[in-house]
Amino acid sequence: MEAKKRLFFIDAIRAFAILMMLQGHFIDTLLDPFYRNMESVGFQVWSYFRGITAPTFFTISGLIFTFLLLNAKKKGHLKQRMIKGFWRGLMLIGIGYALRIPLFQWLKLEFSNSFFIVDVLQVIGLSLIIVVVTYQLLLRKTLLFSLFMFSLSTMIFLTEPLYRNLELPFLPVALANYFSTSNGSVFTLIPWFGYMGYGAFIATIFYRYFHAKHFKPAIITGLSILGVLLIFYSSYTLIWMHKLIDIKVFKEAAYFNYLFTRLGNVLLLFALFYLLENSLKKPLILKIGQKTLSIYVIHFIIIYGSFTGFGLNRLIGKTLGPYEAVLGALLFLTVVCFLSFYYMKPNEFVYKQFRRWMDQPTEA
């Protein structure tokens, strides 16, 4: 993005989300089960922030990608940006699978379905491709795209009870894992694309009104109010809808309403970070926000032992006490960020083969 058009708070949110993801994975993987007590205030706070990390990351990913896409249209570089987005989606899917390659097992000709487990990178990658394809199918009409993304995401959230325990034994495991957690997938396309879709919808608002007078206070106020309403009143609204039109799925969604409430948390975070944007324009924060892929790859290798099978999950296991886990997490964050800044650039390594071609001027 151009400097005058750059939304610095996005990088700050991405930095927050990736750091929360790192510490969450570290503590969840290594904390002794004895200390996982929901009666503990500390553990409750940690669980709360861990619960909103993934929704934040998915939503901000949809926002930043769509904002760049719309800016490219304005500059006449839409086709170039769409090609970049498509290849980046494929790259993320490829890296997601690569991180699960059990190299030593394969060398012994031992194969299992664990390689096909779908995680955050595959879902974000496929979601980016879906956004690109959808924008093209909707004839590159921003208003139509905006309404469609909002409607689709809302429908995905409302119907979550229908696919909550979905099993697809008739599909190949590699395909079924994008829609069902029955084979071990950590994330699935539904409902998580819903957060990407809402992020895309928010991006259309920023794109259309970013330079309007009083936009910043208006959007901060709007995000804050909507966030509070979703957190405290979305379940009541779903119950009211159930009583009004007698659709059972609304009642079931209300009694396990984590999607809309977490979206409310995300909107409040957006409002807070946008409010504090000027204070967050620190080089370190922005650099972390721009290095999320490298950071994710490095942390995954260290914790889960990609390729070798020997990560902290096996070397240490669930043995740490609370203080050890917290101090270890801080050290872990420092080491991973340092390695990302100076020693590893997977996005450039994979992407460089396409960059020169995609950076050529093209017509929209």
Side-chain angles (χ1 to χ4, degrees), residues 18-19 21-31 53-54 57 61 86-129 168 171-189 192 291-320 325 328-329 331-355:
I18 195 66
L19 292 179
M21 183 178 292
L22 262 62
Q23 65 83 18
H25 287 174
F26 183 91
I27 293 177
D28 182 64
T29 302
L30 304 178
L31 181 66
T53 298
F57 205 83
S61 296
F86 186 86
W87 281 114
R88 184 166 183 82
L90 291 179
M91 180 189 73
L92 292 176
I93 293 172
I95 293 175
Y97 282 121
L99 290 174
R100 290 193 172 275
I101 293 177
L103 185 59
F104 292 157
Q105 289 184 22
W106 284 12
L107 291 175
K108 293 187 293 183
L109 300 181
E110 297 178 359
F111 303 97
S112 69
N113 287 333
S114 62
F115 170 71
F116 296 109
I117 289 176
V118 171
D119 212 325
V120 59
L121 290 185
Q122 289 100 317
V123 174
I124 290 180
L126 183 56
S127 296
L128 294 183
I129 295 174
L168 301 168
L171 289 180
V173 171
L175 179 59
N177 283 354
Y178 280 92
F179 302 95
S180 171
T181 60
S182 60
N183 297 312
S185 287
V186 182
F187 292 93
T188 50
L189 190 62
W192 294 98
K291 289 283 188 177
T292 53
L293 179 57
S294 300
I295 291 172
Y296 182 88
V297 169
I298 294 171
H299 107 280
F300 202 96
I301 293 173
I302 294 175
I303 290 184
Y304 303 112
S306 298
F307 312 116
T308 64
F310 293 97
L312 295 180
N313 59 338
R314 292 187 62 181
L315 298 177
I316 298 178
K318 298 182 183 296
T319 62
L320 300 184
L331 178 61
F332 178 68
L333 264 61
T334 302
V335 170
V336 170
C337 289
F338 177 80
L339 292 174
S340 173
F341 293 165
Y342 299 106
Y343 292 103
M344 189 175 182
K345 300 178 181 180
N347 51 329
E348 293 181 11
F349 175 76
V350 178
Y351 222 32
K352 65 181 180 180
Q353 302 300 325
F354 308 103
R355 192 174 302 279

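Positions are given from 1, in the same order as the sequence printed here.
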Side-chain atoms of residues 90-100: list all donor-acceptor pairs with protein atoms under 3.5 Å, sequence neighbours left out, distances to 0.1 Å.
unit_1: Tyr97; atom_1: OH; unit_2: Tyr178; atom_2: OH; d: 2.9
unit_1: Arg100; atom_1: NH2; unit_2: Asp119; atom_2: OD2; d: 3.0

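Relative ring orientation between Trp106 and Phe111 is described as tilted, the plane-to-plane angle lying within the 30° to 60° band.
Heavy-atom neighbours of Phe86 CZ from other residues, nucleotides or ligands within 6.0 Å: at or below the threshold of 12.
Each side-chain hydrogen bond (donor to acceptor under 3.5 Å, both in side chains) pair with one or both residues in residues 306-315, not counting sequence neighbours, would appear here, but there are none.
The CG atom of Leu22 sits 5.0 Å away from the CG atom of Leu333 when rounded to the nearest 0.5 Å. Considering OG of Ser114 and CG of Asn177, their distance stands at 10.5 Å, rounded to 0.5 Å. Between the CG atom in Leu121 and the CG atom in Leu126 there is a gap of 12.5 Å [rounded to 0.5 Å].
Here the closest heavy-atom approach between residue Leu171 and residue Ala176 is recorded as CB-CB, 4.1 Å. Closest non-hydrogen pair, Cys337 versus Leu19, comes out as SG-CD2, 4.0 Å. When every heavy atom of Ala325 is checked against every heavy atom of Ile27, the shortest pair comes out as O-CG1, 4.1 Å. The nearest pair of heavy atoms linking Ile18 to Ile295 is CG1-CG2, 3.7 Å. Counting all heavy atoms, side chain and backbone alike, Ala329 lies closest to Phe26 at N-CE2, 3.3 Å.
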Item to complete: Determine, step by step, whether Phe332 and Ile303 satisfy the side chain to side chain contact (heavy atoms under 4.5 Å, CB included) criterion, reporting the C-alpha distance in whole Å, the side-chain angles of both residues, the deciding distance to 0.1 Å, and the verdict.
Response: CA-CA 10 Å; Phe332 178 68; Ile303 290 184; 3.5 Å; yes
Worksheet item: Can you check side chain to side chain contact (heavy atoms under 4.5 Å, CB included) on Tyr304 and Thr29, steps first, answer last?
Response: CA-CA 9 Å; Tyr304 303 112; Thr29 302; 3.8 Å; yes
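Between the side chain of Ser340 and the backbone N or O of Ser294, no donor-acceptor pair lies under 3.5 Å. Side-chain atoms of Gln122 never come within 3.5 Å of backbone atoms of Phe187 as a donor-acceptor pair (strictly under, hydrogens ignored). With hydrogens and angles disregarded, a donor-acceptor distance shorter than 3.5 Å links the side chain of His299 to the backbone of Tyr296.
At least one side-chain heavy atom of Phe57 sits less than 4.5 Å from a side-chain heavy atom of Thr292. Between Leu30 and Leu312 there is a side-chain heavy-atom pair separated by less than 4.5 Å.
For Thr188, there are no side chain to side chain donor-acceptor pair (under 3.5 Å) partners, not counting sequence neighbours.
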